[in-house]
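All chains are named by letter (A, B, ...) in the order of the sequence lines, taking the proteins before the strands, and each is independently numbered beginning at 1.
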2 protein chains.
Amino acid sequence: MTKMTKIASAPALPLNTILAGDCIEVMNGLPEASVDLIFADPPYNLQLRGDLHRPDNSQVDAVDDAWDQFASFEVYDRFTREWLKAARRLLKPNGAIWVIGSYHNIFRVGAALQDSGYWILNDVIWRKANPMPNFRGKRFTNAHETMIWASKEEGAKYTFNYEALKSLNEGIQMRSDWVLPLCTGHERLKDDNGDKAHPTQKPEGLLHRVLVGSTNPGDVVLDPFFGTGTTGAVAKMLGRDYIGIEREESYRKVAEKRLANTRRYDRASLEVTASKRAAPRIPFGQLIERGMLRPGEELFSMNNRHKAKVRADGTLVGDDVKGSIHQVGAALEGAPSCNGWTYWCIKRDGKKVPIDIFRQQIRAEMGDRPN
Amino acid sequence: MTKMTKIASAPALPLNTILAGDCIEVMNGLPEASVDLIFADPPYNLQLRGDLHRPDNSQVDAVDDAWDQFASFEVYDRFTREWLKAARRLLKPNGAIWVIGSYHNIFRVGAALQDSGYWILNDVIWRKANPMPNFRGKRFTNAHETMIWASKEEGAKYTFNYEALKSLNEGIQMRSDWVLPLCTGHERLKDDNGDKAHPTQKPEGLLHRVLVGSTNPGDVVLDPFFGTGTTGAVAKMLGRDYIGIEREESYRKVAEKRLANTRRYDRASLEVTASKRAAPRIPFGQLIERGMLRPGEELFSMNNRHKAKVRADGTLVGDDVKGSIHQVGAALEGAPSCNGWTYWCIKRDGKKVPIDIFRQQIRAEMGDRPN
DNA sequence: CTCGCTAGTGAATCCATCA
DNA sequence: TTGATGGATTCACTAGCGA
């Protein structure tokens, strides 16, 4: 009995499939803490005229006599908070969520995220390179959409591939505003009539940046509003596993076909510029043990203002200071912290060389290839 | 009796003055339906935790003022809804409001606006030309702030000077994302010690665009969080009347002096914002995000002596070399530098084509507009 | 005068690991 | 859980100074 309950409440993850049904119900049937990333493109509630689908029918009856905007917002909020709650249950402790929206709904979504315990990491602006103009000239061209990136809770160790994103941006740290074109041309899926298959298909470039930046190969990515499956397609290309949830059969059919025709990039191409933080830690003492530096040898600070002597136990002695290479550097500079590896140099052939070259040498010998 | 009450509850509008006190109380003391536009820069409720240092060990001057501290979201929401209610009472039927904020508060503000009966017209993104970087490499550079523009209610005939904005934007319809620099240099007001007079002074260029776009000369503009009076200064320059409300005496003093020195149609300080045209930088990574190149695809050097593979983060892998298109090109050629755009080619129909054609294509699609 | 160099700074929810 | 420690981490722009 216990066993059966367990199995029923924690079924295997249906990886790389599209599940049919209401996303709240489906999510509640999946095992908790099993998903690394959720990307959600919920209904935008554009008109606020009651055309929303709701989590269950009993709630619909409660408000159908008052179609004023307040009641409509209330219904939308209830829907939002329910799917956000179900989504949060699915997230691993260090998982994260992205939600995209426009001014019609994003403020309500953002407030609901915060109220549900998520911790906002950034809001990111998708700045459309080719938006539709405002034909009537009564407002500004609506040229962007807003994405919110949030961790499951404050203090969680979310995934952020800083160096990879920096590489994508030609060596400059990625900003919170992304310029990307709309989904058009042959990327835009058509139905049998040649009309667009989905009204708000997102460009693959957007998902590429999201997934490269906040997941690793092998991660599980869930999209509760799967639509034509852009999230799944990019996840598959990038070697991530996906789970899609979609109510509408017509969208599911388009997505199934799309995913069947999608191929993963080769493994080597999925490797991404690694952060220095990932490199193994080398104790400074190893330099002495290996004879790269000798006890009594003098080190010079990068700015030439200080020097210190190496001791046999891998500590330094400067003017009235003893301690690690970092501690002595920080003390001499009066700074809160100091990276001793890049701060201290030795003299070789009259030239100053940072001691970090020894660390790089050791790492290379360990078979760790720098990027 | 009735007459006296009327007079007491409807005093004359204190035009072009700065009122001292709590903005909610002060607004409740002003006559209803008397203001054309409200511009509000409320506290963001940043919730900063510890100190933050730049990589050079200098400390970031945090916004840690008492006026930005709130005990909880709930307290912040209550405050927000109260001042929004007081502000709405002051608006003429066709009046409008602008509120600026960051992801810390803007979602709560936006939801409160909608719940209070305002009707959102646009959200507008201030894309900062020179934002502060993310020093620890843990998130995206927080490179924008969000403004919400809303009318008093749905269906109101708000002011929108379409043509004026279009000419401000060199003949192109104004979009919902505005590129403007931070308030720095001489525009940034200093106190007697030479320190910045206010931690979050907004650039005049931002207010210029807001007021040109959504008010007419002679309109009354109210700012309930006046600070150093940017709203008042730009309003005065543009021939609008202003009303400022500010709690802190030190800010009021700075603002009084500033406004005394401000002249109508003093455009000099605004012309700074004129867009400098430069060919937009296109990161190589965009070619992958846009599907022009695929991870795993091979590039060939112009001289046919080398080849390299594209990775998902926009870096290349050649023989024992990884890095940007420029770095790998330089390394393979043994050269100090290399323009990867013209060095690397792909094969199309058996012919070699430099990858620069893709960059040109993207620039053409963007219309070569930096904005 | 210009040019080059150094120093400073901006609404920021900004570390990871081990003892 | 807390505290100590290693050591990773920045972009665009302005002002000011000296040559």
Subject >> Nearest-nucleotide comparison on DNA chain C, the residue closer to the 5′ end among Ser58(B) and Ile120(A) >> reply: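 Result: Ser58(B).
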
**OP:** Tell which nucleotide pairs with dA11(C), taking only Watson-Crick or G-U wobble pairs whose two distances are both under 3.5 angstrom.
**Re:**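 When the pairing criteria are applied, nothing turns out to pair with dA11(C), so the answer is none.
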
**OP:** Return the nucleotide paired to dG7(D): Watson-Crick means purine N1 to pyrimidine N3 with N6-O4 or O6-N4, wobble means G-U with N1-O2 and O6-N3, both under 3.5 Å.
**Re:**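 dG7(D) is paired with nothing.
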
Original post:
Does the ring center of Trp178(B) lie less than 6.0 Å from the ring center of His208(B)?
Top reply: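 Centroid separation for Trp178(B) and His208(B): 6.0 Å or greater.
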
Subject >> Distance flag, aromatic centroids of Trp341(A) and Phe358(A), threshold under 6.0 Å >> reply: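 No, the ring of Phe358(A) stays outside the 6.0 Å limit from the ring of Trp341(A), centre to centre.
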
**OP:** Could you please spell out the steps behind the ring pair (Phe, Tyr, Trp, His ring centres under 6.0 Å) verdict for Phe226(B) and Tyr251(B)?
**Re:** CA-CA 8 Å; Phe226(B) 204 56; Tyr251(B) 299 157; over 10 Å; no

Figure out the [atom1]/[atom2] separation between [X] and [N], and round it to whole Å.
{"X": "Arg49(B)", "N": "dA11(C)", "atom1": "CZ", "atom2": "C1'", "answer": "16 Å"}
{"X": "Glu153(A)", "N": "dT13(C)", "atom1": "CD", "atom2": "C1'", "answer": "15 Å"}
{"X": "His144(B)", "N": "dT13(C)", "atom1": "NE2", "atom2": "C1'", "answer": "14 Å"}
{"X": "Leu180(B)", "N": "dC13(D)", "atom1": "CG", "atom2": "P", "answer": "13 Å"}
{"X": "Lys196(B)", "N": "dG8(C)", "atom1": "NZ", "atom2": "P", "answer": "15 Å"}
{"X": "Leu46(B)", "N": "dA11(C)", "atom1": "CG", "atom2": "P", "answer": "11 Å"}
{"X": "Asp51(B)", "N": "dC15(C)", "atom1": "CG", "atom2": "P", "answer": "11 Å"}
{"X": "Leu189(B)", "N": "dG10(C)", "atom1": "CG", "atom2": "C1'", "answer": "15 Å"}

Original post:
Should the heavy atoms of other residues, nucleotides or ligands under 6.0 Å from CZ of Arg247(B) be counted, would the total exceed 12?
Top reply: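 Atom CZ in Arg247(B) is not packed in, count stays at 12 or less.
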
Original post:
Crowded around Lys257(B) NZ? As in, over 12 foreign heavy atoms under 6.0 Å?
Top reply: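 No - once you tally the heavy atoms of other residues, nucleotides and ligands closer than 6.0 Å, there are 12 at most.
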
Subject >> Electrostatic pair Lys196(B)-Asp61(B), nearest N-O below 4.0 angstrom >> reply: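 Looking at Lys196(B) and Asp61(B), the cut-off is met.
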
Original post:
Looking at Asp41(B) and Lys202(B), does any basic side-chain N land under 4.0 Å from a carboxylate oxygen?
Top reply: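 Between Lys202(B) and Asp41(B) there is a salt bridge, with a charged N closer than 4.0 Å to a carboxylate O.
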
Original post:
Just checking Asn45(B): base, sugar-phosphate only, or nothing, at a heavy-atom cut-off of under 4.0 Å?
Top reply: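 Nothing, no heavy atom under 4.0 Å.
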
Original post:
Is Ser102(B) touching bases, backbone alone, or none of the nucleic acid, heavy atoms closer than 4.0 Å?
Top reply: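 The answer is nothing, as Ser102(B) stays clear of every strand by at least 4.0 Å.
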
Original post:
Any side-chain N or O of Lys138(B) less than 4.0 Å from the OP1 or OP2 oxygen of dA16(C)?
Top reply: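 Indeed, a polar side-chain atom of Lys138(B) lies that close.
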
Distance check, [atom1] atoms only: [N] and [M], in whole angstrom units.
{"N": "dC1(C)", "M": "dA19(D)", "atom1": "C1'", "result": "12 Å"}
{"N": "dG7(D)", "M": "dT13(C)", "atom1": "P", "result": "27 Å"}
{"N": "dT9(C)", "M": "dT10(D)", "atom1": "C1'", "result": "12 Å"}
{"N": "dA11(C)", "M": "dA15(D)", "atom1": "P", "result": "16 Å"}

Original post:
What string of B, S and - do you get for nucleotides 2-12 of chain D, 5' to 3', when a contact is any protein heavy atom under 4.0 Å?
Top reply: ---SSBBBBBS

**OP:** Check step by step if side-chain hydrogen bond (donor to acceptor under 3.5 Å, both in side chains) holds for Gln173(A) and Asn169(A).
**Re:** CA-CA 7 Å; Gln173(A) 110 178 168; Asn169(A) 197 31; over 6 Å; no

